[in-house]
Amino acid sequence: MKDSRIRGAEIVIKSLVAENSEYIFGYPGGAIMPVYDALYDYADQIKHVLTRHEQGAIHAAQGYARVSGKVGVCMATSGPGATNLITGIADAMIDSTPLVCITGQVASPLLGTDAFQETDVVGFSMPGTKWNIQVRRVEDIAPAIAKGFHIARSGRPGPVLIDITKDAQNALGEFNYVPCLGIRSYRPYPKVNENSVAKAAEIINQAKKPYVLYGQGVVIGKAEEELKAFLDKSGIPAACTLLGSGALDEDHPQYVGKLGMHGNYAPNMLTNQCDVLIAIGMRFDDRVTGDLKRYAKQAKVIHLELDNAEINKNVKCEVSILGNCKESLPLLTEKLKENSHQDWLSEFRKLEEKEKSAVVSLDLLPTKTGLTMGEVIRYVNDFKKDDAILVTDVGQHQMIAWRYFKYKTTRTQVTSGGLGTMGFSLPAALGAQLADLNRQVICVVGDGGIQMTIQEFGTIMQTQSPVKIVLLNNNFLGMVRQWQQLFFDKRYSFTELDNPDFIKIAEAYNMKASKVTERDNLRDTVAEMMVHDGPYFLEVVVEKEDNVFPMIPTGCSVEEVRLS
Amino acid sequence: MNRYTISLFTENFIGILNRVTLIFTRRGVNIDALTASESKEDGVHRITIEVTTTEEQVIQIVKQTEKIIDVIKSFYYKDDEVVYQEIALYKIPISSLDPGLEKVIRQYNARIISAEKEFVVIEMTGHKEDTKALLEILKDFSILEFARSGRVAVAKPMGTIEQYLNN
Ligand SMILES: Cc1ncc(C[n+]2csc(CCOP(=O)(O)OP(=O)(O)O)c2C)c(N)n1
């Protein structure tokens, strides 16, 4: 009788295929070689993208996950390969990105002996993963992967790590994939409590100045339509967090802007004037709230949230509605009286005008000679499609691009929000692009951040992913320099950069590249980039010492937002 | 600050204790005592943790522990909401064994559980304050070693983990 058993390594691949994984972003090495060998036979069923660093692999998987809404998969070898995933794991955890990371491990008899390239990656990643496991037996591989996918994608999504010893990869076992549908100790979707919904509706119906703050929970819960219906009926003004951007069309008449340290003036200022604050799928990050002791104290807070641990964590609420907002929002909308809050809304519009004249017009239509980051984004807006995806790195360019990019549809915002990981954007843009080759992907990056993962130019070259990379070069670690200017008496300690010839680097990777130093060439070059068929690298040399405003300095209250 | 007992019901999964304690470490909350054991349910383990902190912190910690995939449910109680005991062992040199010591043992409802050539071991079960009081007295009897367990506790509220599992 023919032996139907296959190697553990092949079980890994077949399990990923069974989960409909489209891509593996990874990097090979000794302890994961059996899986790479098995992968060789499955090229028609699952694609592998060889990044140039494991950090690139995991950020690419994050970009892929954020755009596709599916679980991103990355793979690395043991030891240094595995530890190179740690930053991305922490990033995915705080930004609720579903990932399955597979790492090779030394053979089980060697575990604990400080064998070559042995690292306790399960221990390393324990506090940073939603779940992790070490698999030492071939029969445990498929169940671990099934459980991993279930955990990564359900409830509040997050990263999962599965560490598989080399002997388990080499051993023979039966392949019989049973998807995981539930775990006794894990209840990812708490049931919505109708009493809370009724109580919340009553409060909202009586409110004079209600105010909605929405976050990424709306995107994760696929509740964009439900949010819109809620707003349409209630007439309540709505502002978004960094990761919530795109969940609502910014042209919606009640959209009032972005929250937080570098968000818009009105939505921050008026947080301390609303009488009811309705937080939907957001977690009151300190970058949003500023000083908690002076945050929305006058308001009754209603929190719609999936993760029970977020409720009353930072801001105490009057009513919490635990559960998926896709489920809770319609129940709430149903109980609302139709309303419009025109007077209240016009207060936002008044302050918006103030921000326009004090900040926005200077950023978008500058009169000084130096180029601003804002005007670059203005042209990107002119030539982008509605569903274009903005991927940003971390720093001033991130905040400027976020502020001025026009979000029309969901899943168009990819950035490292909670962790603020420099080097994130280049590989994440690659992953975002592979998630949908028909969409425009624009990566906006600083001269500091690009050099943290610049080697991923190689991956972009190899995959010919048509990402548009916009480097906003100010020859500074700009965001840190801004703080040094404002809070450290202009002592620019180690923030000025001697930069390489980025154009030569891009060209060395066979990428079409242009550099803009004059305003006169900006518009046309951006236009050229946006229609270019294939990857494109655009470097714009911007004003060295521009700042991002508005700004709520750390420790200040939201209404102490500064315009200059 | 108050004393709280946290009861966690978990799957018997490798590393679970590590995962649970990490949550305390991260928040800088010291664990006063910890015990882990089986529960009445097959395959369900219980971890009992005693901490001294604010109620706000305890609530956060309980919610965070419940986020651990293999934690079934966490509860926290004030001292008057649990029935709890600790066990303490005291090792005393045989030379200290005199009528005075015997009187103390009886007075504290303790007992000798082992008599060796050179020492005896006294056992006492009770609340920390009681076992500590005995310790203070035994210091006068040249005590050689002292060990006390963490709290074992059952809750006074009548809900059970079984009900939760079947819900
Ligand atoms: C990995 C990492 N290291 C350090 C930081 C701290 N940091 C935040 S913004 C910033 C400067 C970014 O400079 P650049 O990439 O040139 O962008 P700019 O702010 O100039 O737009 C630094 C160093 C970080 N966020 N991530």
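Chain letters run A, B, ... following the sequence lines, proteins first, then strands; residues in each count from 1.
- Proximity of the aromatic rings of His127(B) and Tyr84(B) is defined here by a centroid distance below 6.0 angstrom, and this criterion is met.
- There is no contact between Lys191(A) and chain B, counting heavy-atom distances below 4.5 Å.
- Within the model, atoms CZ of Arg19(B) and CD1 of Ile14(B) stand 9.5 Å from one another, a figure rounded to the nearest 0.5 Å.
- Among Arg26(B), Glu66(B), Gln60(B), the residue with the largest count of heavy-atom pairs under 4.5 Å with chain A is Gln60(B).
- Of the listed residues (Ile68(B), Ile69(B), Val71(B)), the one with the most heavy-atom contacts under 4.5 Å to chain A is Ile69(B).
- In this structure, chain A has no heavy atom under 4.5 Å from any part of Phe9(B).
- Centroid-to-centroid, the aromatic rings of Phe284(A) and His303(A) come within less than 6.0 Å.
- Remark: Lys91(B) is positioned above the aromatic ring of Phe119(B), its terminal NZ or CZ atom under 6.0 angstrom from the ring centre and at most 45 degrees off the axis.
- For a residue to count as touching a neighbouring chain, one of its non-hydrogen atoms must lie under 4.5 Å from one of that chain's; by this rule Asp307(A) touches chain B with the side chain only.
- Only the side chain of Lys147(A) comes within contact range of chain B, judged by heavy atoms closer than 4.5 Å.
- Interface remark: Leu165(B) contributes backbone and side-chain atoms alike to the contact with chain A (heavy atom separation under 4.5 Å).
- Salt bridge present: Glu50(B) and Arg151(B) bring a charged side-chain N and a carboxylate O closer than 4.0 Å.
- Atom CD of Glu56(B) sits in a sparse spot, with 12 or fewer heavy atoms from other residues, nucleotides or ligands closer than 6.0 Å.
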